Novice: 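Attaching a single structure in structure tokens format; questions to follow.
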Amino acid sequence: MSSQRIFIASTLRGSPTPILLTTGRTGRRGVFCLAPSKTLISRSSANHGLRSQWQTIAGSVCKPGTQQQRSSLSTSTTTRRTSPNAKKKTSNANTNTPPRRRSYRPLTLFFIFTFASASVFYYLASTPSPPRNQILSRDVFTPFELVSRDQVSPTSFVLTLRPSPSDFPSLTSSDIASQLADPWRTFDLWSVEVKQPQLQIAREYTPLPPLSSAPDHAAVVRLLVRAVDGGEVSTYLSRLPVGSRVELRGPHGGFDLHSRLGLYGKEEIDGVSAAGGEEPQREQGGKQVVFLAGGTGIATALQAAHSVLEDDDDDDDDDAKPNVKILWAMRSRSDMQDLSASTGGKSSSGSRPWWRSFLSGSFASDDEAEEIRGPDFAAPTSITAQLLSMKARHGDRVRVHSVVDDEGTAITPKDLLGALRHGSGASKGTAPAPAPAAAVSLSKTSTSTSTPPPPCEFHSQPLQANMPDGAPNQGRKDLASREACRCPPEDAPGKNLLLVSGPDGFIAAYVGPRPWEGGAQVQGTVGGVLGELERRDPGLLKDWIVLKM
Ligand SMILES: Cc1cc2nc3c(=O)[nH]c(=O)nc-3n(C[C@H](O)[C@H](O)[C@H](O)COP(=O)(O)OP(=O)(O)OC[C@H]3O[C@@H](n4cnc5c(N)ncnc54)[C@H](O)[C@@H]3O)c2cc1C
């Protein structure tokens, strides 16, 4: 037998009532007898009365260890559920028990129910409604107005969305522009969710970078959407008339490219330099960004190029900027050229998706991809025009090559190898030479000790494999610092980047699938065409980080 003290909050008496719980374990079932605590009950006459009642019960009914006690409580418990006659018999049998006290159970339940309802009501009433001075929120959907639609190709279109002034009456247009510029300052890559209100579902889309740095260009969100056959949200968006309300939630950060490239904030470099007494100098490891974009994956490629080439922080230090090469695979030439206006289109050779050739192991073409160059590029779509204007600003620092599935061209292993070796001067089998050693020394321990340093989360390819989107720093450039890089000081503090974005089949074909782990899609190892190229040439990706988007 054991005993244990418990406290039961008595709402009827308005104060906690201490009860001594005595357990007598007999036979297969536990028998519990409740008795008031002798030590804790106050000396008021009412409580004395209560104590004597319970003591009587304990004395007459709960005699632990006896067969009588077992059957008596057991019967009593059963009869409460099943047999009124048996109940009568039991109460008659306990002639020494005082008259039954009035049952407060319904009243107690009523109080509990009322309290629970009030709590639920309070919770719901206090759940935050969309904050009217915050345009984009990661927690709630906020309203935008569809101000224009630009049909890029028969299946893809650009939607321009603007916060309705009536929804945000307290914000001026410069407040709006400044808020919408925030995600561009915070993230290299980001997306927003768009709600389909009838079905109450949402899908992610990648905002296109502002067309220029003019404030009115920052005051809108532009989305490139492909209408997927039978797709719920993309089809809904494809039919939405101008003037409609569209609800967005975000921003959701993708991967931070700056830290992986070794591009750290100027203030930080200056700070480190000042502390070390050295001349401020931008250090950099990654000199190349290669982007494989499939279809609307070009939106993510534009974000990446915008982020590394048009970062204000880098304006006075063009040499620190990496070169960007985009290999853009599209189904039809109409994705990059307005065919009704252009005569440059080639004939279609079928509608087999371009990556299927890789999956089936057959490479139809080994052609070099066609370069998109301005200014005489005929009838560019709005997406191509944005690429060309980026090119006009940055010259050959950004290069765009296209392949068209309908025309039988595809991104080939030769294109991939060419992009990986471009500008490095390296011979076959050797990755691009690392950047000169860091001008700013790390205030870290030397690696001359025998223990190897832990691998760097940003610059170790094996460590990327288990990362979900945004890891390890929520995709925020401002959460990554030079100090967070754990590369040995003698290594260049950054790597080149090979990024792949597009439909799942496209990603899997070129760099391997993104597996699911613990409910999140992670990067997985490098496979597909690139994995095969690396197997043949183990040093190929030595200075590269591969990311799948
Ligand atoms: C971070 C992120 C950013 C994205 N950015 C963009 C973007 O900028 N532009 C854009 O158009 N999409 C983008 N997507 C894809 C988008 O979120 C939707 O998945 C896509 O629009 C299809 O949604 P749906 O509701 O129309 O189709 P669903 O109803 O989800 O799917 C319908 C059917 O179509 C198939 N399907 C779904 N997507 C595709 C596809 N892309 N190609 C072929 N078949 C498909 C499905 O397997 C399914 O059988 C992005 C996705 C993510 C995760």
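Note that the structure is predicted; figures quoted are calculated from it, not measured. Note that ligands are numbered from 1 as they come in the structure, with each ligand's atoms numbered from 1 the same way.
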Novice: Which of the atoms of ligand 1 are close to V225, meaning less than 4.0 Å from one of its heavy atoms?
Specialist: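 The atoms of ligand 1 under 4.0 Å from a heavy atom of V225 are 11 (O).
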Novice: Would a 4.5 Å heavy-atom cut-off, applied to side chains only, mark M336 and V404 as touching?
Specialist: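 Touching, per the 4.5 Å side-chain cut-off.
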Novice: Is there a side chain to side chain contact (heavy atoms under 4.5 Å, CB included) between L248 and V194 once you walk through the steps?
Specialist: CA-CA 5 Å; L248 304 185; V194 179; 3.6 Å; yes
Novice: Would you tell me which option among E204, E193, R203 has the nearest heavy-atom contact to atom 15 (C) of ligand 1?
Specialist: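 Closest candidate by heavy-atom distance is E204.
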Novice: I want to know if ligand 1 touches R226 in the polar sense, i.e. an N/O pair below 3.5 angstrom.
Specialist: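 Yes: some nitrogen or oxygen of R226 is under 3.5 Å from one in ligand 1.
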Novice: Is the closest N or O pair between T206 and ligand 1 shorter than 3.5 Å?
Specialist: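 Between T206 and ligand 1 (N or O atoms, distance only) the closest approach is under 3.5 Å.
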Novice: What distance separates I201 CD1 from E193 CD, expressed to the nearest 0.5 Å?
Specialist: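 Those atoms lie 11.5 Å apart.
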Novice: Identify, with sequence neighbours excluded, every residue that meets ring pair (Phe, Tyr, Trp, His ring centres under 6.0 Å) alongside H306.
Specialist: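 Once residues adjacent in sequence are excluded, the partners of H306 under the ring pair (Phe, Tyr, Trp, His ring centres under 6.0 Å) criterion are W184.
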Novice: Any salt bridge between R222 and D150, counting N to O under 4.0 Å?
Specialist: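 A salt bridge is absent here (no side-chain N lies under 4.0 Å from a carboxylate O).
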Novice: Counting heavy atoms only, which part of V228 comes closer than 4.0 Å to ligand 1: side chain, backbone, both or neither?
Specialist: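 Under 4.0 Å from ligand 1, V228 contributes side-chain atoms alone.
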Novice: Which is closest to atom 27 (O) of ligand 1 in terms of heavy atoms, P207, G231, A227?
Specialist: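 When every heavy atom of P207, G231, A227 is considered, G231 comes closest to atom 27 (O) of ligand 1.
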Novice: Is any N or O atom of V233, backbone or side chain, closer than 3.5 Å to an N or O atom of ligand 1?
Specialist: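 Among all N and O atoms of V233, at least one is under 3.5 Å from an N or O of ligand 1.
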Novice: Any N or O of T235 that comes nearer than 3.5 Å to an N or O of ligand 1?
Specialist: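 No - when backbone and side-chain N and O of T235 are compared with those of ligand 1, no distance drops under 3.5 Å.
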Novice: Can you tell me how far apart CG (D415) and CG (L327) are? Round to the nearest 0.5 Å.
Specialist: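 Interatomic distance, D415 CG to L327 CG, rounded to 0.5 Å: 6.0 Å.
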Novice: Would you mind listing which atoms of ligand 1 come within a distance below 4.0 Å of any non-hydrogen atom of T296?
Specialist: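 In order of numbering, the contacting atoms are 9 (N), 10 (C), 11 (O), 12 (N).
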Novice: Can you list every salt bridge (charged side-chain N to carboxylate O under 4.0 Å, His left out) pair that touches residues 226-240, not counting sequence neighbours?
Specialist: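 Checked against salt bridge (charged side-chain N to carboxylate O under 4.0 Å, His left out) - neighbours excluded - the pairs reaching residues 226-240 are R226-D335.
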Novice: Between D537 and R421, is the closest basic N to carboxylate O distance under 4.0 Å?
Specialist: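 Salt bridge flag = yes for D537 with R421.
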Novice: Which of the numbered atoms in ligand 1 are below 4.0 angstrom from a heavy atom of L224?
Specialist: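 Close to L224: 7 (C), 8 (O), 9 (N), 10 (C), 11 (O).
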Novice: Which ligand 1 atoms does S234 reach within 4.0 Å, using its non-hydrogen atoms?
Specialist: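 Answer for ligand 1: 21 (O), 24 (P), 26 (O).
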